[in-house]
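Throughout, protein chains are lettered first and strands after them, A, B, ... in sequence-line order, and every chain is numbered starting at 1.
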Amino acid sequence: MIKVIFPDGVESSCNEGTTFFEVLKGHDSEILKNSVAVKVDGELKDLRAALKGDSTVRVEPVTADSKEGLEILRHSASHVMAQAVKSLYGNVKLAIGPAIEDGFYYDFDTEKPFTPEDLEKIEARMKEIVKADYRFTSDALPKKDAIALFAGMGERYKEEIISEIPDPTVSVYRQSDFTDLCRGPHVPSTGYIKAFKLTGMAGAYWRGSEKNKMLQRVYGTAFATKEALKEHLDRLEEAKRRDHRKLGKELDLFSTSEEIGSGLVLWHPLGSTVRRLIEDFWKNEHVKDDYSIVYTPHVAQVGLWKTSGHWDFYRENLYSPMDVEGQEYIVKPMNCPFHIQIYKSRLRSYRDLPIRYAELGTVYRYERSGALHGLLRVRGFTQDDAHIFMTPSQLEEEIKGVLKFTLYILKSFGFNEFDIFLSTRPEKYVGDLENWTRAEAALKGALESTGLKYSIDPGEGVFYGPKIDIKIKDVIGRSWQCSTIQVDFNLPERFDVTYRDENGAESRPIMIHRALMGSLERFFGCLVEHYAGAFPTWFAPVQAVILTVTDRNNDYAETVCKRLREEGIRAELDKRNEKLGFKIREAQLKKIPYQLVIGDNEVKDGMVAPRKRGGETLPAMPLDEFIRHIQAENRPGVLK
RNA sequence: GCCGGCGUAGCUCAGGGGCAGAGCAACUGAUUCGUAAUCAGUAGGUCGGGGGUUCAAUUCCCCCCGCCGGCUCCA
């Protein structure tokens, strides 16, 4: 007899050989209904597997709606998809088919790429397989036998995978006539996969390397219930609705032009207004925080990048040099060497440090055409960059300050949730170990001081120093990589940056690179999606639009508009000969925060009748009262 | 860069080897109107660009450019 302990503390005893199915049934048949697998002493197992071995085991049901359960469900769905594909198309070789973040995929080596119609056919066949409710069964095989098995089926990718598995035996899973190499576990039968959908397909290289053959990847997703699946698909729709590329066009914020070139952004007047407000706020806050704002050229001699090391390390992202009177110049991919030159323009004392140079610096980097994406990945963009030069002993204090400042700026735009990562020393690094240890401790100390949660990415730091990355979470839960704070031991060395220390000796400062928004393009794209284009009053490009009811109201409306503008409010006047409902609809579609209706009543009483973007109408009020009302929101950081 | 899809009026999209289409927007006129679309009329096209097949190409084929979904990359 084996003693079984359940998570709720209940114990029971079962014979060796009892399946977990039966074990759970005896415990709680309700939970069994929702379970796809079990965790036995922390290890995931099939429900069909049997108790064995130890005298006491802890058994925990894994339900389909849990993180691990979903993963199992999706992984099983990928097997069902593979079965469907194999049964529909001859001569298909299987590569890999894992569960991923929001679903699963399977890579196939096919003669012909799949078409959208194939996707439908595959999904239909999958439904048949689910309906047939085939059992998932598993076998352990010695590697040699497994290789022979898959070689017999012509599955050369599987052979390759098996030969790289260190264990002496591997497991295979079968459902109906389909066999696949798999670690498992799986749901007990295909009928468990009640809610799934194929979501797309794409080419994907075998093992992710461009040197290898391109395979056909089919993406899908699966959930515990139809409701959860629908919710997920609705979320995708919602994301589509918020897409900054779509809203950018609809709201006339920005565009790109084929004549100009890919990845080069035109900021239209309304988008430019938002950008200007972001920039003004950014500059003011930096000055308050004791940064010096600087400006630097867009091109420079290539030698600068040879010294910095970028010419050797990142050549493929740099634009080709241009000849200027026999000298080679390139358009700048980064701002740091310029800031270093400003630093080096005279002798610096330890008394001058820290020195903080900040710049909204526009840089150009070559990105492969396939990598470009709206405002999020472009070839020309403006970094909200800063470089801080300090003595090693100032590092921790400085990082604390930068971190606090970063969070303050992000919160001012309405971002309050973050995923924070600390990346530590990689295998290949420059600088001495002592500095690394110190810098990592400093970054850690600064993170601890914020009280925010963070995770450590060991070995993921850049070769020149450890870093903190902050991803902001938007309203629908997506993460956006924006802020980065990087310690750099390398550039001060390469450019021979120095200061005079307390003893008059030449010392090497440490540098921090940091960007809060990353780039204005990316941050703006993120803001558009976060707010679905309905920007808070303080950075809405148009804050109030005045809508006249008839031509009789035009003169008064003009004075209202003029007055608002004098008060610094971005107001527009719509005196077109259209019905009020039409004007409201347009203002609403433009997502303007306030619509001021002016008809005969308002003219008579010297009032305005405000209507909010959400549809709420406020009682008619004197203009001065409305100005007070909107001014209360017209300040950086106020998010109405 | 690679795989697949797409590119038709300012926008959203339909069409398809033989006259280039709709809705919205624009323009003109009428209407002077109270909280999400007033009515009528007019104009608008190198069907992304180049080449080929054909009596005839926007449609079929090839090349290029751009966009979209991925792969890859992201200092």
Side-chain angles (χ1 to χ4, degrees), chain A residues 105 107 110 112-119 199-219 240 243 245-246 249-250 252 255-263 305 308-318 333-334 336 363 365-374 376-379 381 383 461-465 467 481 484 486 488 490-491 513 515 518-519 522 547-554 575-590 595-602 609-618 620:
Chain A
Y105 68 80
D107 284 346
T110 62
K112 275 185 296 192
F114 291 125
T115 64
E117 295 79 67
D118 287 323
L119 216 62
T199 50
M201 65 206 160
Y205 300 103
W206 169 235
R207 307 212 137 157
S209 167
E210 282 173 60
K211 295 189 188 84
N212 292 335
K213 183 162 184 188
M214 182 163 274
L215 308 172
Q216 294 301 309
R217 176 171 298 178
V218 180
Y219 285 94
K240 241 189 204 162
D243 193 314
R245 294 165 300 187
K246 181 169 133 69
K249 197 185 278 186
E250 283 172 12
D252 198 13
S255 66
T256 55
S257 146
E258 209 171 317
E259 279 87 322
I260 291 169
S262 293
W305 311 102
S308 74
H310 296 115
W311 184 252
D312 291 324
F313 283 112
Y314 306 109
R315 177 97 66 105
E316 67 278 14
N317 286 100
L318 308 184
M334 318 196 93
C336 14
V363 299
R365 302 179 186 178
Y366 168 71
E367 298 288 352
R368 305 201 294 178
S369 57
L372 299 173
H373 181 94
L376 304 184
R377 194 146 197 96
V378 289
R379 287 180 175 157
F381 55 99
Q383 291 182 308
V462 197
F463 72 92
Y464 54 71
K467 62 169 179 174
Q481 164 78 58
T484 182
Q486 308 185 345
D488 188 345
N490 184 44
L491 286 187
H513 309 246
S519 78
R522 162 172 284 266
L547 311 176
T548 52
V549 177
T550 88
D551 291 349
R552 289 191 299 279
N553 315 130
N554 285 356
K575 55 179 182 181
R576 291 175 302 170
N577 177 11
E578 297 287 354
K579 287 188 166 179
L580 181 62
F582 179 86
K583 294 185 185 183
I584 284 181
R585 180 182 147 82
E586 287 212 337
Q588 195 67 33
L589 291 174
K590 287 183 190 163
Q595 298 139 22
L596 301 182
V597 174
I598 289 183
D600 292 342
N601 298 336
E602 285 71 27
R611 177 187 196 276
K612 289 177 128 178
R613 175 166 56 189
E616 182 193 350
T617 55
L618 303 180

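With sequence neighbours excluded, no residue satisfies salt bridge (charged side-chain N to carboxylate O under 4.0 Å, His left out) with A:K249. In this structure A:Y219 satisfies the ring-ring contact (aromatic ring centres under 6.0 Å, His included) test together with A:Y105, sequence neighbours excluded. A:W311 is linked by a ring-ring contact (aromatic ring centres under 6.0 Å, His included) to nothing, counting only residues two or more places apart in sequence or in another chain. Under the rule for a salt bridge (charged side-chain N to carboxylate O under 4.0 Å, His left out), the partners of A:R377 that lie at least two apart in sequence or sit in another chain are A:E367. In this structure, A:Y205 has no ring-ring contact (aromatic ring centres under 6.0 Å, His included) partners at least two apart in sequence or on a different chain. Legend: residues meeting ring-ring contact (aromatic ring centres under 6.0 Å, His included) with A:F463, ordered by chain and number and at least two apart, are A:F313. When the salt bridge (charged side-chain N to carboxylate O under 4.0 Å, His left out) test is applied to A:R207, the partners found at least two apart in sequence or on another chain are A:E160, A:E164. Checked against salt bridge (charged side-chain N to carboxylate O under 4.0 Å, His left out), A:D488 has no partners two or more places apart in sequence or in another chain. Residues passing the side-chain hydrogen bond (donor to acceptor under 3.5 Å, both in side chains) test with A:K575, sequence neighbours excluded: A:E558.
Counting only Watson-Crick and G-U wobble pairs whose two distances sit under 3.5 Å, RNA chain B takes part in these stems of three or more pairs: B:1-7 with B:65-71, B:10-13 with B:21-24, B:26-30 with B:38-42, B:48-52 with B:60-64.
Distance check on atom P: B:C2 versus B:U59 gives 24 Å, rounded to whole Å. If you take atom P in B:C55 and the same atom in B:G69, they sit 43 Å apart, rounded to whole Å. Between the C1' atoms of B:C13 and B:A56, the separation comes to 28 Å (whole Å). Distance check on atom P: B:U12 versus B:G7 gives 13 Å, rounded to whole Å. Atom name C1', nucleotides B:C62 and B:A57: the rounded distance is 14 Å, in whole Å. Taking atom C1' in both B:A37 and B:C73, one finds a spacing of 47 Å when rounded to whole Å. Spacing of P atoms, B:G5 relative to B:G18, comes out at 24 Å, to the nearest Å.
When heavy atoms are screened at a 4.0 angstrom cut-off, A:R368 is found touching base atoms of the nucleic acid. If you check every strand for non-hydrogen atoms under 4.0 Å, A:Y464 touches sugar and phosphate atoms only. Here A:R245 lies in heavy-atom contact (under 4.0 Å) with sugar-phosphate atoms only.
The side-chain heavy atoms of A:R613 and A:Q588, taken from C-beta on, include a pair separated by under 4.5 Å. Residues A:V218 and A:L119 are in side-chain contact: their nearest non-hydrogen atoms beyond the backbone lie under 4.5 Å apart. By the 4.5 Å heavy-atom criterion applied to side chains, A:H513 and A:K467 are not counted as neighbours.
Taking the nucleotide of RNA chain B with the nearest heavy atom to each of A:Q486 and A:G200, the more 5' of the two is matched to A:G200. The residue among A:T256 and A:R217 whose nearest nucleotide of RNA chain B is located toward the 5' end is A:T256.
Between the C1' atom of B:C27 and the CZ atom of A:R576 lies a distance of 14 Å, rounded to the nearest Å. Atom CD of A:E259 is separated from atom P of B:C64 by 20 Å (rounded to the nearest Å). A:E250 has its CD atom 13 Å from the C1' atom of B:C24, to the nearest Å. Atom NZ in A:K213 sits about 15 Å away from atom C1' in B:C71, given to the nearest Å. In this entry the distance linking CZ of A:R315 with C1' of B:C74 reads 19 Å, nearest Å.
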**Complete:** With B for base contact, S for sugar-phosphate-only contact and - for none (protein heavy atoms under 4.0 Å), nucleotides 32-39 of chain B reads BBBBBBB-
**Prompt:** In B/S/- notation, 5' to 3', how is nucleotides 2-12 of chain B contacted by protein heavy atoms closer than 4.0 Å?
**Reply:** BBS------SS
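Glycosidic conformation, B:C19: syn, with the torsion inside 90° of 0.
The phosphate of B:G69 (OP1 or OP2) has a side-chain N or O of A:H373 nearer than 4.0 angstrom.
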